[in-house]
Number of protein chains: 2
Amino acid sequence: MATIRDVAKEAGVSVATVSRVLNETGYVHADTRKRVTEAMKNLNYSPNEVARSLYKKKSKLIGLLLPDITNPFFPQLARGVEDELQKDGYRILFGNSDENAEKELDYLNTFIQNNVVGIISATNNKSKTNYDGLSIPVVFLDRTSSDYPSVYADGKEGGRIAAEEIVKRGSKRITLLKGPAHIQPAQDRFQGALEELSRSDIDFHVMSTTSFAFEDAVKWAKELFSMYPDTDGVLASNDIVATAILHEALRLGKAIPKDIQIIGFDDIPQSSLLFPSLSTIRQPAYEMGKEAAQLLIKLINKQSVHQQHIQMPVTFIERHTTRKVDTNG
Amino acid sequence: MATIRDVAKEAGVSVATVSRVLNETGYVHADTRKRVTEAMKNLNYSPNEVARSLYKKKSKLIGLLLPDITNPFFPQLARGVEDELQKDGYRILFGNSDENAEKELDYLNTFIQNNVVGIISATNNKSKTNYDGLSIPVVFLDRTSSDYPSVYADGKEGGRIAAEEIVKRGSKRITLLKGPAHIQPAQDRFQGALEELSRSDIDFHVMSTTSFAFEDAVKWAKELFSMYPDTDGVLASNDIVATAILHEALRLGKAIPKDIQIIGFDDIPQSSLLFPSLSTIRQPAYEMGKEAAQLLIKLINKQSVHQQHIQMPVTFIERHTTRKVDTNG
DNA sequence: TTTAAATGTGTAAACGGTTACATACAAGAA
DNA sequence: TTCTTGTATGTAACCGTTTACACATTTAAA
């Protein structure tokens, strides 16, 4: 690898001059610039980002921390983040935390040690204290925070809409699935649905679940139908869980949506590919990723940001696990 | 951030001594070590990886280049890579190439400029020349190469098995989908299936496709059933395409697997969640990621590697888009 | 006792950039 | 003419580590 000194020698100038043409700062004579540019080309020179980063105490790297890229909701987020950051020349240092505080802290440390210039975190771990005292901007994604900038979907409203839609479509004995207690977005959507159902004159049960893993969800699905066999509507905590419910209902020979309606949450890509395709509350994951990235870039550039907390709209996606609404109703 | 000099001053020693306790190199008196360790703790010191990287000309970073994390096959790969690398303290610099040569080159450059110590690439772009002349180890994932170490599934055998299984289960008029020409793994599985079908006395059509996007796949699915309405078996180029075929078949009121059998490729997580669940050829994506990471680490450590080309086994996953094999046959 | 080897520590030069500061010349203003 | 300002370039310090080398003191061997 050629260094700036090699280029300087080749062009017969000092390193300062090379640096000036590199960064387009200060004065450089047109002829000199040309000589330097050619020397760079000859030597196939490309500046060492590490040396730059050391002196400037800032890199072109940002840290992205996700709970688990294997969960189909997150690749969309990640892609939104990347597409947006890439435009400004930022690169991503990436890690999965598994919602494990130790892993999270570990990644945060290496982010800092590598001079990242900003962090986007979609973890849901309580210990936000991990982020206190950081001297670089952090934006939380898929998570609310009063202390830090954040981008999240309106989970409560989503839960409300789901409840409203399923009631509107005639379910009378609803089971409401309450997601993991430590995942705030799951609790928001649960609250929204709970409030809306309480307001209605519908019978409903609440069933607690503790993870979003499909294998676990299958167990809850079986439990649900054995405990509440006459359930005719399920509000699932996310699309993974909804898929498990759908499977179990089909296995039991229930007609969908005639005997039982199901509404999921997230609108992960596979939801439209199920059969019957899943009605769900859509979170605009890709756009959320982009928003978070844009917000972070503004923060990095110390531009003023009108809104530190960006709430994204949530929409009901009507597919085939819900009935057509009775317009005569 | 405290520097090594701060620690040295606090402990009343030179920076060299601090560095020695940090790296456990050279001689350090037990008492001195204790003083230094305490100073580090007091100052909450943690070494600057950038400075380290600059001097040593190597970081603890590796570059991971994927075509598109949004394609459900890749998160598994990525997770396997990460879980394995993380054990040895490596961190991931991540990028999506979209099978675009320019983007790929761009990422490769920034990987190098950031002193990554190895690269894992799952791109399928022809221009392997991008990797020539790199002074760090590269391993190709989900892609064969004679010139570089690689980890890939036995696509040809997979194609062969798929053909064998669908024939064994009684399909008589098979449509074989040929994936994008520039994606080598797609061509391997196509070749394997083609050879096996040619060997049999079964009628079959070949239909070309040019991407793995679901939206495109839907169009081909419609085309397939209009051109070859009597097809009773489809060998899809991957699970996404198989899903589209499945959808269209269901839409047309075909009974599955009675009227038509479908076999996919990859075994992405959602394939078991479809209804009917998809029979497919499984590639062990997570394990492939792990293997690639292990191989890369060995290469980085200049350990001898017995096998530079690791071919992973592929298995037929029998689910519900194929009939039970006729054991009286 | 002398000498070699092992132990313990410090000084300063890298690593490859950026930039503050110094210097020099040319052009225009006073 | 002298002064100021703009243009052009170079020197060297700095960013936070690691490490070659030097030096001093112990310990062990001869």
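Residue numbers begin at 1 in each chain, while the letters A, B, ... track the order of the sequences.
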**Student:** Please determine whether a side-chain nitrogen or oxygen atom of Y45(A) lies at a distance below 4.0 Å from atom OP1 or OP2 of dG17(C).
**Tutor:**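 Yes, Y45(A) has a side-chain N/O under 4.0 Å of OP1/OP2 on dG17(C).
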**Student:** Does R33(B) make a side-chain donor-acceptor contact with the base of dG8(C), cut-off 3.5 Å?
**Tutor:**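 By the distance-only test, no, there is no pair.
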**Student:** Please determine if a side-chain N or O atom of N23(B) lies less than 4.0 Å away from the OP1 or OP2 oxygen of dT18(D).
**Tutor:**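 Yes, within the criterion.
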**Student:** If you compare every side-chain N and O of T17(A) against the phosphate oxygens of dG10(D) (OP1, OP2), does one of them come in below 4.0 Å?
**Tutor:**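 True: T17(A) side-chain N/O within range (under 4.0 Å) of dG10(D) OP1/OP2.
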**Student:** Report the distance from atom OH of Y55(A) to atom C1' of dG16(D), rounded to the nearest whole Å.
**Tutor:**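 Distance, rounded to whole Å: 13 Å.
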**Student:** Indicate yes or no: does E38(A) engage K41(A) in a salt bridge with an N to O separation below 4.0 Å.
**Tutor:**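 Salt bridge flag = no for K41(A) with E38(A).
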**Student:** Where the side chain of A16(A) is concerned, which of dG8(C), dT11(D), dG16(D) is the nearest nucleotide?
**Tutor:**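 Ranking dG8(C), dT11(D), dG16(D) by closest atom to the A16(A) side chain puts dT11(D) first.
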**Student:** Can you tell me the distance, in whole Å, between the CZ atom of R20(B) and the P atom of dT11(C)?
**Tutor:**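 In whole Å, dT11(C) P and R20(B) CZ are 11 Å from each other.
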**Student:** Is the count of non-hydrogen atoms from other residues, nucleotides or ligands lying under 6.0 Å from K9(A) atom NZ greater than 12?
**Tutor:**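 For K9(A), atom NZ is not crowded (no more than 12 foreign heavy atoms under 6.0 Å).
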**Student:** Base, sugar-phosphate or nothing for T32(A)? Non-hydrogen atoms, less than 4.0 Å.
**Tutor:**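 Sugar-phosphate: the residue T32(A), judged by heavy atoms under 4.0 Å, touches backbone atoms but no base.
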**Student:** Return the value, rounded to whole Å, for the distance between atom NZ of K34(B) and atom C1' of dT9(C).
**Tutor:**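 That distance rounds to 20 Å.
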**Student:** Quick one: I112(A) CD1 to dG16(D) P, roughly how many Å, whole number?
**Tutor:**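 That distance rounds to 15 Å.
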**Student:** Does dG8(C) have OP1 or OP2 sitting under 4.0 Å from an N or O in the side chain of Y27(B)?
**Tutor:**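 False: Y27(B) side-chain N/O out of range (4.0 Å or more) of dG8(C) OP1/OP2.
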**Student:** Is the count of non-hydrogen atoms from other residues, nucleotides or ligands lying under 6.0 Å from Q307(B) atom CD greater than 12?
**Tutor:**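 Atom CD in Q307(B) is packed in, count exceeds 12.
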**Student:** For Y107(A), does the six-membered ring have the charged nitrogen or CZ of R91(B) within the cation-pi criterion, i.e. under 6.0 angstrom from the centroid and within 45° of the normal?
**Tutor:**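 The answer is yes; both the distance and angle limits are met.
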**Student:** Is a side-chain donor-acceptor pair under 3.5 Å present for Y131(A) with E104(A)?
**Tutor:**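 A donor-acceptor contact under 3.5 Å links the two side chains.
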**Student:** Both K56(B) and V15(B) contact DNA chain C. Which one's nearest nucleotide lies toward the 5' end?
**Tutor:**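 Its nearest nucleotide being more 5', the pick is V15(B).
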**Student:** For the pair made of CD in E49(A) and C1' in dG16(C), what is the distance, rounded to whole Å?
**Tutor:**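 Roughly 12 Å, once rounded to whole Å.
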**Student:** Please lay out, stage by stage, how Q184(A) and N124(A) fare under the test side-chain hydrogen bond (donor to acceptor under 3.5 Å, both in side chains).
**Tutor:** CA-CA 7 Å; Q184(A) 191 55 44; N124(A) 254 290; over 6 Å; no
**Student:** Determine the contact category for T25(B): base if any of its heavy atoms lies under 4.0 Å from a base atom, sugar-phosphate if only primed atoms, P, OP1 or OP2 are that close, otherwise nothing.
**Tutor:**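 The answer is nothing, as T25(B) stays clear of every strand by at least 4.0 Å.
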**Student:** How many Å lie between CZ on R5(B) and C1' on dT18(D), as a whole number?
**Tutor:**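 That distance rounds to 11 Å.
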**Student:** I need the CD-P distance between Q113(B) and dG16(C), as an integer number of Å.
**Tutor:**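 My rounded result for the distance is 14 Å.
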**Student:** Compare the minimum distances between each of dT11(D), dT17(D), dT9(C) and the side chain of H29(B), then state the nucleotide with the smallest one.
**Tutor:**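 Looking only at side-chain atoms, H29(B) lies closest to dT9(C).
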**Student:** Categorize S19(B) for me: base, sugar-phosphate, or nothing, with a 4.0 angstrom heavy-atom threshold over every strand shown.
**Tutor:**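 Base: the residue S19(B), judged by heavy atoms under 4.0 Å, touches a nucleobase.
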**Student:** Quick one: is dG10(D) close enough that its OP1 or OP2 comes under 4.0 Å of any side-chain N or O from S14(A)?
**Tutor:**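 Affirmative; the distance criterion is met.
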**Student:** At under 4.0 Å between heavy atoms, what does V50(B) touch on the DNA or RNA strands: base, sugar-phosphate, or nothing?
**Tutor:**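 Result for V50(B) = nothing.
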**Student:** Look at the side chain of R52(B) against the base of dG16(D) and say whether a donor-acceptor pair falls under 3.5 Å; ignore hydrogens and angles.
**Tutor:**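 By the distance-only test, no, there is no pair.
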**Student:** Would you say K57(A) places a side-chain N or O within less than 4.0 Å of OP1 or OP2 belonging to dT18(C)?
**Tutor:**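 Looking at the OP1 and OP2 atoms of dT18(C), neither is under 4.0 Å from any side-chain N or O of K57(A).
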**Student:** Could you tell me how far apart N115(B) (CG) and dG17(C) (C1') are, to the nearest whole angstrom?
**Tutor:**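 Those two atoms, CG and C1', are 12 Å apart.
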